There are 2 protein chains.
Amino acid sequence: MQDPTEIAGEPSPGLVSTAIQAITQHIRSEGLAPGDPLPSEAAMTRQLNVSRTVVREAFRSLSAMRLIDMSAGRRATVAKLDTGAMSMVIEHGITTQQISVHQVYDVRRTIEMRTVALAALRRTDAEAAAIAQSARLMRENFKNPEIVMEYDIAFHEAIAAASHNPVFSLIVTAFSGVTRRTWVIGWRTRSSDEDQLKMIKGHEDIAEAILIGDPRLAAEHMALHFDKSVKALLDAGIA
Amino acid sequence: MQDPTEIAGEPSPGLVSTAIQAITQHIRSEGLAPGDPLPSEAAMTRQLNVSRTVVREAFRSLSAMRLIDMSAGRRATVAKLDTGAMSMVIEHGITTQQISVHQVYDVRRTIEMRTVALAALRRTDAEAAAIAQSARLMRENFKNPEIVMEYDIAFHEAIAAASHNPVFSLIVTAFSGVTRRTWVIGWRTRSSDEDQLKMIKGHEDIAEAILIGDPRLAAEHMALHFDKSVKALLDAGIA
DNA sequence: AATAGCAACCTGTCATATAGGTTTCAAGGG
DNA sequence: CCCTTGAAACCTATATGACAGGTTGCTATT
């Protein structure tokens, strides 16, 4: 017909994939920024000369990856960077046992030793305060594991944000889902209040190092923190 | 008020999102592994009591994220870990200027200093050979930038694979698309054959360090390599 | 000029239809 | 008895049309 992406040799990738290509291509060639509107489904339907079904599935796919935002009645818009797709990939890897929790922790350790160092160098005062605040709230709620966990996650995400590199934020946040599934297990191995408070102290040390702007010290504390966390998971028998 | 993210009570996440949840939940609860078949669209339609359109869009969304494989006539199957979604997110961040090439390179440097150290420790002989082979092919084709680039990318992916942590592979591979878009720019700043061969020599040094199993040396060479690459991009005026 | 309300446009979902690919299984030939 | 072949059953890919409800912008009324 008039399919511009039809290339001999390659089996047809399907009309939907073609449509997805067309949409992302449109974003690129028009230089669209987050919030900018995309063509309506009807317009795309005419432009690509396919049924609305195809166009819809393409839009929906991009929406699932959080590359665009959709809502009823309004045109789809270019989305802000979001961790949705990434965390789904990681979750998928975990649930289908293609990756292990330990492997994720190794990656987290690698990345967060860098984010914490960057945070120590580049944090604003507000960011340093937010990080310290999360640590403080962990201590104040240490009797309630669920809450401690959420502040723990917020703590690490705040550090990533303070690194001022959104790619780090993206990855760290993508791992948060895994953390939510394993955190409590590690916490339980720290049976005594003393152990648990010691772990919280580790967070405070990190926050302090960021506050005084010592990247090396911050990275050291972070490494220590991860080593203990991994040990806790090992003790709990997590492969 | 335009915050469709999270509102207490969750008015209606949409039928498609619900269906996506149901499918991923099915994978989890049934403990499906890559290659295992999912229920047919018709079955899902009955189970969720929605139209086939909704189910289809859900399947298609998961397919776009490469969590499942679809093809005509066959049932959808659970997919092997794939970098598709991640690289689209990164690409999207780049094209909409929400992240910069430099930020990606900082993440790559952080991650690859670790993968190369792990590779030095854990590589099989075959993996070491594959890595060295990529470096050799870079040299042999150094008159043809496009080809050098592909072997460069293969080189880094091979190192990630030799780290024996698929999460690293996932991330490194996700960045390959960005590399394809910027690599040539860096190459051009290395105007003389001498400069270009020096850069290839850097790869050979890394391969050698992996071969002899020296993680510290390997990481050092990798850091050097990235520092030079970033400098090359800076010289080329890439923000 | 401000506002209420209507009209046009848009997405969300459903039902139905056709084309074409895949699997299965049994009948027929060796 | 085994192997091939072909058709039936099931599945996905795409198209079309319909209707409900949300959003936006214009218009006519106040």
Side-chain angles (χ1 to χ4, degrees), chain A residues 1-7 9-23 26-27 30 32 35-79, chain B residues 1-5 7 9-23 26-27 32 35-79:
Chain A
M1 302 316 212
Q2 43 84 57
D3 189 337
T5 63
E6 196 84 30
I7 301 176
E10 191 71 21
S12 165
L15 298 186
V16 174
S17 300
T18 307
I20 291 177
Q21 285 270 121
I23 296 168
H26 176 87
I27 294 176
E30 299 289 312
L32 298 187
D36 289 349
L38 275 66
S40 73
E41 294 177 1
M44 244 348 169
T45 294
R46 281 190 301 275
Q47 181 186 326
L48 298 178
N49 203 36
V50 295
S51 75
R52 189 181 155 210
T53 307
V54 171
V55 172
R56 248 198 95 59
E57 287 184 11
F59 271 97
R60 182 67 79 171
S61 293
L62 291 171
S63 168
M65 283 186 280
R66 309 289 195 98
L67 303 191
I68 66 176
D69 290 324
M70 296 175 74
S71 66
R74 273 198 297 231
R75 302 249 286 262
T77 59
V78 176
Chain B
M1 85 183 233
Q2 50 129 349
D3 185 3
T5 49
I7 299 179
E10 52 174 304
S12 163
L15 297 187
V16 174
S17 302
T18 307
I20 291 177
Q21 284 274 118
I23 296 168
H26 176 88
I27 294 176
L32 298 187
D36 289 350
L38 276 66
S40 75
E41 294 177 1
M44 236 2 159
T45 295
R46 281 190 300 275
Q47 180 187 326
L48 298 178
N49 203 38
V50 295
S51 77
R52 195 184 147 207
T53 306
V54 170
V55 172
R56 242 198 104 56
E57 287 184 10
F59 271 96
R60 181 67 79 171
S61 293
L62 291 171
S63 168
M65 284 186 279
R66 309 289 196 99
L67 302 192
I68 66 176
D69 289 324
M70 296 174 74
S71 68
R74 271 197 300 232
R75 300 250 285 263
T77 59
V78 176

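Note on naming: letters A, B, ... go to the chains in the order of the sequence lines (proteins, then strands), and numbering restarts at 1 for each one. It should be emphasised that the depicted structure is a prediction, and the values quoted were computed from it without experimental measurement.
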Check the distance between C/dC14's P and A/Arg60's CZ and give it to me in whole angstrom.
11 Å
Report the distance from atom CZ of B/Arg75 to atom P of D/dC10, rounded to the nearest whole Å.
12 Å
Mind calculating the distance between CD (A/Glu57) and P (C/dT13) to the nearest angstrom?
13 Å
Sidechain-backbone polar pair: B/Arg75 side chain, B/Pro37 backbone, donor-acceptor under 3.5 Å
no
Spacing of B/Arg52 atom CZ relative to C/dG12 atom C1', expressed in whole Å:
18 Å
Is there a side chain to side chain contact (heavy atoms under 4.5 Å, CB included) between A/Ile68 and A/Thr77 once you walk through the steps?
CA-CA 6 Å; A/Ile68 66 176; A/Thr77 59; over 6 Å; no
Listed nucleotide nearest any side-chain atom of B/Ala72, set D/dT16, C/dG12, D/dA13:
D/dA13
Would you mind reading off the distance between B/Asp69 atom CG and C/dT22 atom C1', rounded to a whole angstrom?
16 Å
Would you say D/dT12 has OP1 or OP2 under 4.0 Å from some side-chain N or O of B/Arg56?
no
Could you please name the option among C/dG21, D/dA15, D/dT23 that lies closest to any side-chain atom of A/Arg74?
D/dT23
Between C1' of C/dT11 and CE of A/Met44, the distance in whole Å
15 Å
Just to be sure I understand the rule, does A/Ser40 reach a base, reach only the sugar-phosphate, or reach nothing, if contact means heavy atoms closer than 4.0 Å?
sugar-phosphate
Would you mind reading off the distance between B/Leu48 atom CG and C/dC14 atom C1', rounded to a whole angstrom?
15 Å
Looking only at atom types and distance, does a side-chain atom of A/Ser63 sit under 3.5 Å from a main-chain N or O of A/Arg66, one as donor and one as acceptor?
no
Looking just at side-chain N and O atoms, do B/Arg74 and B/Ser71 make a donor-acceptor pair shorter than 3.5 Å?
yes
Per atom distances to the A/Leu15 side chain, the nearest of D/dA15, C/dT13, D/dT12 is D/dA15
I need the minimum non-hydrogen distance between A/Phe59 and A/Pro39, along with the two atoms involved.
CZ-O, 3.5 Å
Which nucleotide in the set C/dC14, D/dT12, C/dT11 lies at the smallest distance from any side-chain heavy atom of B/Ser51?
C/dC14
Take the protein atom CD of A/Glu41 and the nucleotide atom P of D/dA15, then report the distance between them rounded to whole Å.
14 Å
